[in-house]
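Chain letters run A, B, ... following the sequence lines, proteins first, then strands; residues in each count from 1.
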Protein chains: 2
Amino acid sequence: MTETQPTSGFQQLDREGLVQRVAKILSRAIVSGKLAPGARLSESVVARELGVSRAPVREAARLLESSGLVISEPNRGFFVRQVSAKALNDLYGLRLAIEIAVVERLAQNWNDEIDETLTAQVAELHRVAAEETDMFTQVEADMQFHRLMCNGSDNPKFLQVFEQIAIETEFSIMLIGRLYDDPTRIAETHEPILAALRTHDTDAAVKAIRYHISEAQRIVIDQFRLLE
Amino acid sequence: MTETQPTSGFQQLDREGLVQRVAKILSRAIVSGKLAPGARLSESVVARELGVSRAPVREAARLLESSGLVISEPNRGFFVRQVSAKALNDLYGLRLAIEIAVVERLAQNWNDEIDETLTAQVAELHRVAAEETDMFTQVEADMQFHRLMCNGSDNPKFLQVFEQIAIETEFSIMLIGRLYDDPTRIAETHEPILAALRTHDTDAAVKAIRYHISEAQRIVIDQFRLLE
DNA sequence: AAACTGTAGATTGTCGACAATTTACTTGAC
DNA sequence: GTCAAGTAAATTGTCGACAATCTACAGTTT
């Protein structure tokens, strides 16, 4: 429906604006830990380093502000956000609320397409666990499973909030510096959720997701407190 | 704790930036319906009308974008968001998920201060209903009750998401143009929630909020469909 | 007539410069 | 030595101008 001209196999060339590119670079720098929490994000410095003017940098920073990676203080500039154990804990609280609603819907609107997608993602989880890939890949694969669930809920709002949560969560996990648990075990703990959804058992699915998120929360928070 | 200089009763004079002021003006214009959904938000026109340069207008528009009032199309500018019945329905779905989590917490962490605050707000609801104030005031008072609940949940994340929801909801209700229900009845339907919370009855509170939100959802959506 | 091409006007995207504000440092009084 | 006031450098806030892009309309071809 979107493809109007399937004549030649030309690939859509990069039409994303300067602002988006700057935002991506900055967000990578923050999530990967190159910019420590609390660090000042100087417009002039970033602009000079990237060889652009300050205007796109400012807009990119505003974008990052709305995804919660940086905060702006009037007349003082942008700073990489400080995360506290409490804030991280609260984040998981929000995530639980969202994901409970999502699995409730999924259990009712279950179909083969979603089944296939989620099953494949659990397989992917096992694959990256076995191959012992880097932490970023592991965390991303985990998040992707939950993202797919939100996407399958048929409510874009859940996905929208989840994306925000995902960015902050990854940010915090990267801060911890190492994976919080055995990757294989993480892969396995997704299976009860899937099993419950397959049988349209709403209560079991809610219980499974509640357990899953709470476990992740406990482990991450424990690890995080060690840094404070 | 925030007051460091309680010497004289001076009021904090307007230190909020130009961006915030522009954002507030635009947001008022959109929510009040002066700018119809789908309308283009021309930077140059707005800048000229307000007597400022385009830079602050752009930033304000970005701010509004993150609160969901406008959307930006690259190289084409900003447009007032179109809302569909489905989107509005989804919004209430998200709101329900959040508020369920909020009342669960409130039922457990109940204290006199919150009790007092919420009771006062229900009284306020009855007051504005009796005085037959304008719709905006009515809706705002309703939202304030739920905002106070989120605020009392001791999880700023819930409040943050709620604020986003509140803006979009008010926007949609203003679109409908008239109040969706009898104000007095609205005021009354908040009481079961409060009653359940007072007795720390989590299940009853969840049931009450579920009923409350679902009713509002049903009424608003029905009204909204008439516009489409 | 329908569809493509080209051009002119308008709008957004980006930039460098100046004004306003904050920050760091120095100076001076107690 | 400590604290306050004053000053200079650095940084953000805002602006007007130019470049890149889009939109609409006219002209041309089939």
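- In this structure, A/Arg62 places its CZ atom 16 Å from P of C/dG13, rounding to the nearest Å.
- For the OP1/OP2 pair of D/dA10 and a distance below 4.0 Å, the side-chain nitrogens and oxygens of A/Ser42 include no atom meeting the criterion.
- To the nearest angstrom, C1' of C/dG16 lies 17 Å from CG of A/Leu50.
- Ion pair A/Arg147/A/Glu140 flagged as a salt bridge, since at least one NZ, NE, NH1 or NH2 atom sits closer than 4.0 Å to an Asp/Glu carboxylate oxygen.
- An OP1 or OP2 oxygen of C/dT14 is reached within less than 4.0 angstrom by no side-chain nitrogen or oxygen of A/Ser53.
- Summarising the geometry, the separation between CZ on B/Arg48 and C1' on D/dA17 is reported as 15 Å, rounded to the nearest angstrom.
- In the set C/dT12, D/dT14, C/dG13, the nucleotide with an atom closest to the side chain of B/Asn75 is C/dG13.
- The side chain of B/Ser44 places an N or O atom within less than 4.0 Å of a non-bridging phosphate oxygen (OP1 or OP2) of C/dT12.
- The 5' end of DNA chain C is approached more closely, in terms of each residue's nearest nucleotide, by B/Arg40 than by the other of B/Arg40 and B/Ala55.
- Remark: P of C/dG13 and CD of B/Glu73 are 11 Å apart, rounded to the nearest angstrom.
- For CD of B/Glu113, the number of neighbouring non-hydrogen atoms (other residues, nucleotides, ligands) closer than 6.0 Å is 12 at most.
- For the pair B/Glu65 CD and C/dT12 P, the computed distance is 14 Å after rounding to whole Å.
- At whole-Å resolution of the value, CD in B/Glu59 and C1' in C/dT12 are 15 Å apart.
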Next item on the list: Would you sort out whether B/Gln160 and A/Leu94 count as a side-chain contact (heavy atoms from CB on, under 4.5 Å), showing the intermediate values?
Entry: CA-CA 10 Å; B/Gln160 186 188 320; A/Leu94 173 62; over 6 Å; no
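- Contact record, B/Ser27 with B/Leu64: N-CD2, 4.0 Å, taken as the closest heavy-atom pair.
- Map B/Arg54 and A/Phe78 each onto its nearest nucleotide of DNA chain D; the residue landing nearer the 5' end is A/Phe78.
- A straight line from CZ of B/Arg58 to P of D/dG16 spans 16 Å, rounded to a whole angstrom.
- Around NZ of A/Lys24, the count of heavy atoms belonging to other residues, nucleotides or ligands within 6.0 Å does not exceed 12.
- Side-chain proximity of B/Leu18 to the nucleotides C/dT14, D/dT14, C/dC15 is greatest for D/dT14.
- In this structure, the CD atom of A/Glu43 is 15 Å from the P atom of C/dT22, given to the nearest Å.
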